[in-house]
Protein chains: 2
Amino acid sequence: MENENKLIDDFKDLLKKKGMKFTEQRAIILQILFSIDGHLNAEEIHDVVKKDYPDSNIGIATVYRTLSFLEEANLITSISFGTEGKRYEGNTKKHHDHLICTKCGKIVEFMDSEIEKKQEQIAKKNGFEITSHNMQIFGICSDCK
Amino acid sequence: MENENKLIDDFKDLLKKKGMKFTEQRAIILQILFSIDGHLNAEEIHDVVKKDYPDSNIGIATVYRTLSFLEEANLITSISFGTEGKRYEGNTKKHHDHLICTKCGKIVEFMDSEIEKKQEQIAKKNGFEITSHNMQIFGICSDCK
DNA sequence: GTCAATGCAAATCGTTTGCATGAAC
DNA sequence: GTTCATGCAAACGATTTGCATTGAC
């Protein structure tokens, strides 16, 4: 809960710095992303809001607007594959990459420092700056084979 | 042109094997993907059709249907990032990965056999079979920095 | 009191589908 | 002649936008 307060306090500071207002809706969406362990899309986040905060009545448009802002502010990260829209996760954990099953959508997180290093080298060689450091490997998981 | 004929001949064989018909529309779309060096989305392919084959009048639905089939048949490969839909390229070249600028959409191709090996190991360890072998690194290119 | 944020509904974008017509076999 | 593919337009799902109202400051 100390962490939670810090999260909210930092968020308030950020909003103030940007001349934006701290609202209950934004706080709720941020909380959800940092308390749920998974990769949710906008609709699923909206469902969680309706379930866990039934009195708040947040519109789906607000969810989308908030997600865009949070991603831009680097508080959350998105992944996406195929036609499926974006899925988001709070930036709590260490950086990691994703192994995604294109059949069932299962997502496995992994981290390999050697690949990371190689990626950096390749990016630098091509004049790129890896901002989001986002790699995705697509395949078929054991359940779907 | 010998290659081109081989491409078309192989395509005819594949269609026959699947009980599907060889049509001018399918041939045109295949040709475009194998003659243009780049990563086009469905709309852009449709534009090329209208420009380079003005008499053919191919509907956008046919473009989508053909692209889905060609991808499934492993004749073309798709990549996608962000909200942007899929972009396709003909499977002429050796396997390679993509470095994508999330600002301007510029795509740089690269290949690193060490990363490939590592990817395989990670996938295997997690019970995944890498079908499309598709990795994308997102960042900001030098022009957009 | 001012200005940004919200909820709602309408609009938009990319993609898919249903169906009658036309083309491949 | 049969069956599959096509073009068209309508339908669709995810996301965005316009606008009047509400709420934060």
Side-chain angles (χ1 to χ4, degrees), chain A residues 8-9 11-30 32 39-50 53-73 76 78-88 102 105, chain B residues 8-9 11-30 32 39-50 53-73 76 78-88 102 105:
Chain A
I8 294 296
D9 286 349
F11 188 45
K12 279 182 180 165
D13 288 349
L14 173 69
L15 289 170
K16 187 169 283 179
K17 205 173 358 180
K18 299 232 172 193
M20 297 169 69
K21 288 166 181 171
F22 176 81
T23 63
E24 199 200 357
Q25 289 90 331
R26 287 175 175 165
I28 288 175
I29 292 167
L30 183 71
I32 289 173
H39 306 79
L40 306 182
N41 62 28
E43 221 176 322
E44 288 164 352
I45 292 167
H46 193 217
D47 289 344
V48 175
V49 171
K50 282 188 286 193
Y53 304 83
D55 300 334
S56 64
N57 187 34
I58 300 180
I60 188 71
T62 298
V63 175
Y64 278 107
R65 283 187 279 236
T66 304
L67 287 172
S68 297
F69 168 67
L70 292 176
E71 186 175 17
E72 202 142 323
I76 65 176
S78 72
I79 60 172
S80 65
F81 77 94
T83 310
E84 287 240 346
K86 289 186 178 184
R87 296 187 161 273
Y88 297 87
T102 52
Chain B
I8 294 296
D9 286 349
F11 188 45
K12 279 183 181 166
D13 288 349
L14 173 69
L15 289 170
K16 187 169 283 178
K17 203 171 0 177
K18 299 233 172 190
M20 297 169 68
K21 287 168 182 170
F22 177 81
T23 63
E24 199 200 357
Q25 289 91 330
R26 287 175 174 165
I28 288 174
I29 293 167
L30 183 71
I32 288 172
H39 306 77
L40 307 182
N41 62 28
E43 222 176 321
E44 288 165 352
I45 291 168
H46 193 216
D47 289 344
V48 175
V49 171
K50 282 188 286 194
Y53 303 82
D55 300 333
S56 65
N57 187 33
I58 300 181
I60 188 72
T62 298
V63 175
Y64 278 106
R65 285 187 279 233
T66 303
L67 287 172
S68 296
F69 168 68
L70 292 176
E71 186 175 17
E72 203 142 322
I76 64 176
S78 73
I79 59 172
S80 65
F81 76 95
T83 309
E84 289 240 345
K86 289 186 177 182
R87 295 185 163 273
Y88 297 87
T102 52

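By convention in this document, chain letters (A, B, ...) are assigned in the order of the sequence lines, proteins followed by strands, and residues within each chain are numbered from 1. Just the heavy atoms: all of them, side chains too, but no hydrogens, waters or symmetry mates, feed the values below.
At whole-Å resolution of the value, CE in A/Met20 and C1' in D/dA24 are 13 Å apart. For the pair B/Lys50 NZ and D/dC8 P, the interatomic distance rounds to 11 Å; values are reported in whole Å. Atom NZ in A/Lys18 sits about 18 Å away from atom C1' in C/dC3, given to the nearest Å. Here the P atom of nucleotide C/dT16 and the CZ atom of B/Arg65 are 11 Å apart, to the nearest Å. Residue A/Glu72 contributes atom CD, which lies 12 Å from atom P of D/dT16 at whole-angstrom precision. Straight-line distance from the CD1 atom of A/Ile28 to the C1' atom of C/dA5: 14 Å, rounded to whole Å. Summarising the geometry, the separation between CD1 on A/Ile60 and P on C/dA9 is reported as 14 Å, rounded to the nearest angstrom. Rounded to whole Å, the distance from CZ on A/Phe69 to P on D/dT16 is 16 Å.
Contact annotation: B/Tyr64 side-chain N/O to C/dT16 OP1/OP2 distance is not under 4.0 Å. OP1 or OP2 of D/dC8 has at least one side-chain nitrogen or oxygen of B/Asn57 nearer than 4.0 Å. Between A/Thr62 and C/dG7 there is a side-chain polar atom (N or O) within less than 4.0 angstrom of OP1 or OP2. For D/dG23, the OP1/OP2 oxygens have no side-chain nitrogen or oxygen of A/Gln25 closer than 4.0 Å. When the side-chain nitrogen and oxygen atoms of A/Arg26 are compared with OP1 and OP2 of C/dA5, one or more of them lie within a distance under 4.0 Å.
Taking the six-membered ring where the residue is Trp, A/Phe11 and A/Phe22 present perpendicular rings, their angle passing 60° and hence far from 30°.
Nucleic acid contact for A/Ile58: sugar-phosphate only, since backbone atoms but no base atoms lie under 4.0 Å from a heavy atom of the residue. When heavy atoms are screened at a 4.0 angstrom cut-off, B/Glu43 is found touching the sugar-phosphate backbone but no base atom.
With C/dT17, D/dT15, C/dA23 as the candidates, the nucleotide lying closest to the side chain of B/Lys21 is C/dA23. Closest to the A/Thr23 side chain, of the nucleotides C/dC25, D/dA24, D/dT16, is D/dA24.
The closest side-chain heavy-atom distance from A/Tyr53 to A/Glu24 is not below 4.5 Å.
Contact check on B/Lys16 versus B/Asp13 returns no salt bridge, with no Lys/Arg side-chain nitrogen under 4.0 Å from an Asp/Glu carboxylate oxygen.
Between A/His46 and A/Gly59 the shortest heavy-atom distance is NE2-C, 3.9 Å.
Side-chain contact of A/Gln25 with A/Thr62: a donor-acceptor pair under 3.5 Å is absent, judged by distance alone.
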